[in-house]
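Written out below as structure tokens is the structure these notes cover.
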Amino acid sequence: MSILIFAENRNGKFPRHVPELVTYGRQLADQFRVQAIVLAPGRMDHPELAALGKYGAHRVLSVPDQSLDVMDNRMYSDVILEIAGEEDAEILLFAYSNAGKALAPLVAAHLQAAYVSAITGLPAGTDPFVVRKKVFSGKVFTDIFVKTRKKVFTLAPHSLEASEHYDPVTPEIRHVKVHENRNVTERMEIKSQEGKLLLTEADIVISGGRGMQHPDNFKLLEELAALLGGATACTRPVSDEGWRPAEEHAGQTGKIIAPDLYFAFGISGAIQHLAGVSSSKVIAAVNTDPEAPIFEVADYGIVGDALDILPKMIEEIKRRKHV
Amino acid sequence: MEIIILMSVVPDTSVKIKLTADGLPDMKEIPWIINPWDELALTRALELKEDPGNTVNKVTLLHVGPSTHGQVLRKAMAMGADEAVRIEATPRDSYETAYHIVAFLQERAFDLVLAGIESSDYNGAAVGGLVAGMLDIPSVSAVTGIQTEGDKLHVVRETDGGRETLRMPLPLLAVVQKGIAKEPRMPSMRGLMMARKKNIHVIEPGAVDSLTEYARFELPPPKPPCHMVDATNPGELLELLENESKVIHLS
Ligand SMILES: Cc1cc2nc3c(=O)[nH]c(=O)nc-3n(C[C@H](O)[C@H](O)[C@H](O)COP(=O)(O)OP(=O)(O)OC[C@H]3O[C@@H](n4cnc5c(N)ncnc54)[C@H](O)[C@@H]3O)c2cc1C
Ligand SMILES: Nc1ncnc2c1ncn2[C@@H]1O[C@H](COP(=O)(O)O)[C@@H](O)[C@H]1O
């Protein structure tokens with residue numbers, strides 16, 4: 001048997017969750033004394049592929065077929081199933097990303113494997129096999145028995161730290177016998193946010209709510225984010241009002257993020273907003289209302305006016321950084 | 001064109017969940033709602049049906065759940081769905097839910113199936129993909145926009161680094177998320193009256209065994225109180241973030 005790790009391709013590069021996923025896959029593989037095998041679809045540079053060995057991949061299988069440039073769910077799942085069959089994969093791992101969430105359940109259905117999404121760590125036991133996840137949008141933890149021999153999981157972001165303990169490996173090139181008529185997805189247009197730090201990838205997120213008062217005031221958040229090397233986010237009313245772009249809306253119905261620092265300015269901390277940010281390592285909040293629920297989940301807080309505190313903070317950072 | 005909405009019924013998202021003495025989520029006296037993404041999916045389906053340029057002629061709700069969910073199903077009917085089907089089962093995992101849905105869809109003509117990205121209670125993010133996989137039909141996920149173009153669809157898909165517009169044939173299963181419709185539609189007075197007369201078809205389920213089982217539940221440990229810093233000294237907060245929790249680097 002083996003463990004198969006799906007490593008998605010973002011414009012020829014691996015997104016930041018791939019090293020985490022490979023680190024996780026290797027630790028799981030060690031528990032069963034089997035190989036951790038990476039499947040990397042699409043065209044990708046050799047060194048980028050080889051580097052996954054450092055995170056513990058025993059083997060890296062690259063499938064550089066042009067027909068994989070656009071993700072067709074069924075064709076991708078065919079490719080994964082074919083390789084999973086050849087490699088006798090018993091556990092298949094995906095990221096909790098848009099692509100991972102699209103493909104993992106499809107693959108599970110074909111394998112008649114149990115599927116659990118957003119597991120948060122190594123299994124609590126392997127006989128019986130028990131995994132952990134959060135339910136009720138982060139408000140409750142649960143342990144789940146997985147009853148089938150084959151298993152498919154997506155891994156919640158930041159479940160563990162990526163670590164480089166091993167040597168690079170030589171990638172193997174595979175080609176798949178793709179049945180073209182399985183591919184029905186025709187791409188007409190593509191808009192990428194290249195060059196911009198993605199909210200879901202940022203270590204530091206500076207976020208604003210209705211308490212920021214006016215769209216212009218978000219310039220202060222952008223400035224703070226730039227100084228700290230972070231991305232900006234917002235609450236749903238802020239994006240609904242058009243103060244900020246929809247991609248920045250965090251929460252249950254928006255993006256689910258888990259940065260090292262989530263810095264909330266003028267955000268009340270509604271339960272639906274917290275559902276998207278409560279896995280952050282550290283939460284800091286500035287709010288004029290000492291009773292705001294955000295302070296119940298925050299590690300650090302200031303009761304005060306964001307519009308007064310932000311310029312002072314920016315000044316202080318500039319002084320410390322000598323800019 | 002016929003659209004089928006897979007609809008999940010969930011506890012109101014603003015409710016604080018407690019555990020019972022047996023360690024199970026306490027569902028007593030909890031208000032139930034339409035899963036937020038499914039409500040948006042239904043809203044979009046109804047918009048398409050009402051648009052004169054479109055060819056959608058029927059919107060059907062499909063729910064797997066006990067009769068106590070009937071009330072929520074009626075509310076969804078009142079938004080304007082033509083028909084509702086409830087499969088009389090209390091699924092123990094997403095596989096069981098998908099199994100019942102697939103059994104129904106195998107016997108029934110459809111063009112487009114819409115599922116939400118996840119149910120806001122157990123956050124399975126599973127049923128849509130499982131159904132597409134089990135039926136082996138084309139699917140697309142992370143969908144934030146749908147338009148019809150003759151017998152094809154234009155679909156906007158969020159990717160992890162942007163968005164794409166795709167052209168896809170029917171039949172199709174689309175897993176939708178926020179953005180698919182602006183605001184959930186409110187049921188109208190007329191809708192409420194009509195819904196009372198409309199029939200909910202109840203179907204007996206086949207036998208199936210779950211692939212997973214909840215072993216136990218646990219509330220997260222209480223968080224230590226928030227460390228408050230005086231508003232006159234924002235620099236101290238930066239200090240703490242840099243030296244105590246080490247999440248920012250200023251030098
Ligand atoms: C089904 C459903 C799903 C939802 N999903 C989401 C979601 O995904 N994401 C989301 O964010 N919301 C979501 N919501 C909405 C959510 O319930 C809240 O309404 C929203 O998060 C509140 O946004 P806010 O904190 O910006 O605004 P408010 O709640 O209005 O809070 C503003 C805060 O700013 C403070 N303030 C005012 N002036 C200042 C100042 N000068 N300086 C500092 N602080 C100040 C106030 O004290 C207040 O606490 C959802 C709601 C529902 C029903
Ligand atoms: N009991 C159910 N009946 C019908 N559809 C469901 C049910 N549970 C989940 N779904 C659909 O599957 C989507 C994802 O839910 P889940 O996999 O439970 O997180 C939901 O948004 C619904 O569209």
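We name chains A, B, ... by the order of the sequence lines, and we start the count at 1 in each one.
One finds a salt bridge joining Asp299(A) and Lys223(B) here, because a Lys/Arg side-chain nitrogen approaches an Asp/Glu carboxylate oxygen to under 4.0 Å.
If you look at Phe136(A) and Tyr122(B), their ring centroids are closer than 6.0 Å.
Residue Asp203(A): no heavy atom, backbone or side chain, is found under 4.5 Å from chain B. Neither the backbone nor the side chain of Glu201(A) comes within less than 4.5 Å of any heavy atom of chain B. Contact of Arg320(A) with chain B is made through backbone and side chain together, with heavy-atom distances under 4.5 Å. Within the 4.5 angstrom heavy-atom criterion, no atom of Ser77(A) approaches chain B.
Within residues 31-40 of chain B, the residues that have a heavy atom under 4.5 Å from a heavy atom of chain A are Pro36(B), Trp37(B), listed by number. The stretch residues 96-107 of chain B places none of its residues near chain A, where near means some heavy atom under 4.5 Å from a heavy atom of that chain.
Between Leu211(B) and Val146(A) there is no side-chain heavy-atom pair separated by less than 4.5 Å.
With sequence neighbours excluded, no residue forms a salt bridge (charged side-chain N to carboxylate O under 4.0 Å, His left out) with Glu244(B). Scanning for side chain to side chain donor-acceptor pair (under 3.5 Å) contacts around Arg149(A) gives Glu90(A), with sequence neighbours left out.
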*Begin with the C-alpha distance, continue with both residues' side-chain angles, and end with the deciding distance and a verdict on salt bridge (Lys or Arg N to Asp or Glu O under 4.0 Å) for Asp121(B) and Lys139(A).*
CA-CA 10 Å; Asp121(B) 49 3; Lys139(A) 289 172 278 188; over 6 Å; no
